[in-house]
Peer 1: 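Would you mind keeping the following structure in view while I ask a few things?
Whatever order the structure lists them in is the order used to number ligands and atoms, beginning at 1.
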Amino acid sequence: MTEETLSNLLHEERRFEPPAAVAEHANLKAEAYERAAADPEAFWAEQAGRLDWAQSWDQVLDWSDPPFAKWFVGGRLNASYNCVDRHVEAGRGDKVALHWVGEPVEDKRDITYAQLKDEVSRAANALTELGVGTGDRVAIYLPMIPEAVVAMLACARIGAPHTVVFGGFSADALASRLEDCQAKVVITSDGGYRRGSASALKPAVDEGRAKAAELGHTVEKVLVVRRTGQDVAWDDEVDVWWHDVVDSASAEHTPEAFDSEHPLYVMYTSGTTGKPKGILHTTGGYLTGASYTHWAVFDLKPDTDVYWCSADIGWVTGHSYMVYGPLANGATQVMYEGTPDSPERGRWWKIIEDYGVTIFYTAPTAIRSFMKQGREIPDRYDMSSLRILGSVGEPINPEAYVWYREVIGGGRTPVVDTWWQTETGSIMISPLPGVTHGKPGSAMTPIPGVGAEVVNDAGEPVPNGSGGYLVLTQPWPSMLRTIWGDDQRFKDTYWSRFKEQRYYFAGDGAKKDEDGDIWVLGRVDDVMNVSGHRLSTTEIESALVSHPKVAEAAVVGAKDEDTGQAVCAFVILRESALDSGGGDGGDDIVAELRQHVRKEIGPIATPRQIMIVPELPKTRSGKIMRRLLKDVAEHREVGDVTTLADSSVMDLISKGLGSGTAEG
Ligand code: PRX
């Protein structure tokens, strides 16, 4: 929490009232807060009623063995049926589910709910044919093409938990996930379109599969969608074309109802240690949370709204607010394959104009990059269809909020700043667009049904006007159930800090302003937020140290105008590397290390800066004082060094930096 952020808070006095039209017809009105607080379980049961259950539950919540919650105990349902079939059965089969927009401008496809049902059914039959059974894990490594949605829903339909791995992740990252969740099948494509050209995906799967095999895990089949037509290496024993097995499969498939607590998916996210955490979400509670929040927070009117969430399916936002929430709600939505600037910088705004998008959900990092390009670009498009804007992934700077509202929303649209996490499964803290006034930079209050607080070290709520740790005070249906294969880590990470109070510790710092509204200030642990994506310092440090020339590494997230935070690494080279001429901190070694991190984790983790240093600042107990390195990375006067074992270290670092810094 920098002082700058806090002083911004103090001076932020702009307020935006909900537009009368939104307020009048709001899905959720002010009374919901009290109703939910009076009887949270009854409120959540009402929200679960938004779904079709093959068998109703006997008990709303079983919290007898915390932190292991069970929601809608005894209930049975099928997530895929809820996202697809039931809309067709209700006579809405001809409604467009997806306006899919490829990056090449001529590529587009509208898919109705009836078509989606057929395609999901075919894919479910094909997966069964390939030997995928209930409970088997399937990894999905795909670009933003309709098959990605189809694949997820097909897995859900047969009760095979999916784990979607972001297409920007490397073969190594893929391999560790394949191994951790023991994925039986991988669904991928030859490639996808990004920034105007075809980029390959299948080679990373081939390599990832080989690496998983080295770790002792065998992937049985790889199902490959043909998207770009690139040449791909082929292993007849393992590789299968999607069009060979899915297109010819039957479009009839009866979905089985699974237990409410049946695993729906595992989503890997960074934690404070090197090993990514497989966050487990189960069926009934998760779908309830996704459906309810998508309807309430975006005030969705499924018959008239055209919704667009720009997140990739490789992140939790793509899961909850592109797949499960909107489809459970029978929404019509846009799905876009490519980057915002291809073929030209106005591409997103053109899509909004072309499809008459009414609700748009994106991340502050994107908004900041558009701000930088100037309003002339969005001003060329007619975006008067927009009525609600959303933001997620990191704190939105008040200036970016106001720009978003004014330039993209024409000054009419409420902006909902939604705070949540992979672990929470759905939005926890946000304004309600027809109820809450907007305050630029604040996520405001927990939504009805959710309990959140800002507490001090002792777990006591802080008074208004003060800061502390953000906690969730009561269980909620879409909460993570555990970390895949590691119950102990689940308890330690989220539930041990405020064990006595049974609070969920989110890992974020926050402040309550004088009105009691919440301002999320960012992570308090060793997790960075780069362009709204979580990266762990340890994970990148481990990647650096795995390079033969590196002896030690420390990574910090430094403030960055474009990406929120950027990766800055401080590296001590091995003597052998110094001897062979790598010790001058020259560009070659820096470039080599950046490339190495890219390969180990993915482009998103590439350090903006690598500084070759002779020493790292450590406490007497050997803990690296990242706070001091952060001062250096953010070009600040270095703070208190009295707890350092050797206080001259910071001088050494500062001196060494003259030659050892390289940006890229
Ligand atoms: O630090 C918070 C930040 O993103 C973290 C969650 O990251 P992830 O699990 O990858 O999920 C991102 C999409 C939900 C949080 O711990 N964060 C997310 N939304 C906000 C936010 N910080 C401030 N304001 C937000 N609206």
Peer 1: Out of Y286, F490, W71, which one pairs with R481 under the side chain to side chain contact (heavy atoms under 4.5 Å, CB included) rule?
Peer 2: W71
Peer 1: Given the rule in the side chain to side chain donor-acceptor pair (under 3.5 Å) test, do T424 and Y504 qualify, once you have shown the distances and angles that lead to the verdict?
Peer 2: CA-CA 10 Å; T424 70; Y504 167 87; over 6 Å; no
Peer 1: Once ring-ring contact (aromatic ring centres under 6.0 Å, His included) is applied, do any residues pair with Y503, and if so which ones, sequence neighbours excluded?
Peer 2: none
Peer 1: For residues 357-368, run the donor-acceptor check on the side chains, cut-off 3.5 Å, and write out each pair with its distance to 0.1 Å, sequence neighbours left out.
Peer 2:
residue	atom	partner	partner atom	Å
T358	OG1	D305	OD1	2.6
T358	OG1	V306	N	2.9
T358	OG1	V306	O	3.1
Y361	OH	T418	OG1	2.6
Y361	OH	W420	NE1	3.1
T362	OG1	S310	OG	2.8
T365	OG1	D562	O	2.9
R368	NE	E561	O	3.1
R368	NH1	N397	OD1	3.2
R368	NH2	E394	OE1	3.3
R368	NH2	E394	OE2	3.2
R368	NH2	D562	O	3.3

Peer 1: Please list, chain by chain and in numerical order, all residues satisfying side chain to side chain donor-acceptor pair (under 3.5 Å) with W308, sequence neighbours excluded.
Peer 2: none
Peer 1: Quick check for students: name every N or O atom pair between ligand 1 and the protein closer than 3.5 Å, with distances.
Peer 2:
residue	atom	partner	partner atom	Å
ligand 1	1 (O)	D508	OD1	2.7
ligand 1	1 (O)	D508	OD2	3.2
ligand 1	4 (O)	G393	O	3.2
ligand 1	9 (O)	T422	N	2.7
ligand 1	9 (O)	T422	OG1	2.6
ligand 1	9 (O)	R534	NH1	2.8
ligand 1	16 (O)	Q421	NE2	2.9
ligand 1	16 (O)	D508	OD1	3.3
ligand 1	16 (O)	D508	OD2	2.7
ligand 1	16 (O)	R523	NH1	2.8
ligand 1	17 (N)	G393	O	3.3
ligand 1	19 (N)	G393	N	3.1
ligand 1	22 (N)	P395	N	3.4
ligand 1	24 (N)	E394	O	3.4
ligand 1	26 (N)	D417	OD1	2.7
ligand 1	26 (N)	T418	O	2.7

Peer 1: Give a yes or no on whether K512 atom NZ has more than 12 heavy-atom contacts from other residues, nucleotides or ligands under 6.0 Å away.
Peer 2: yes
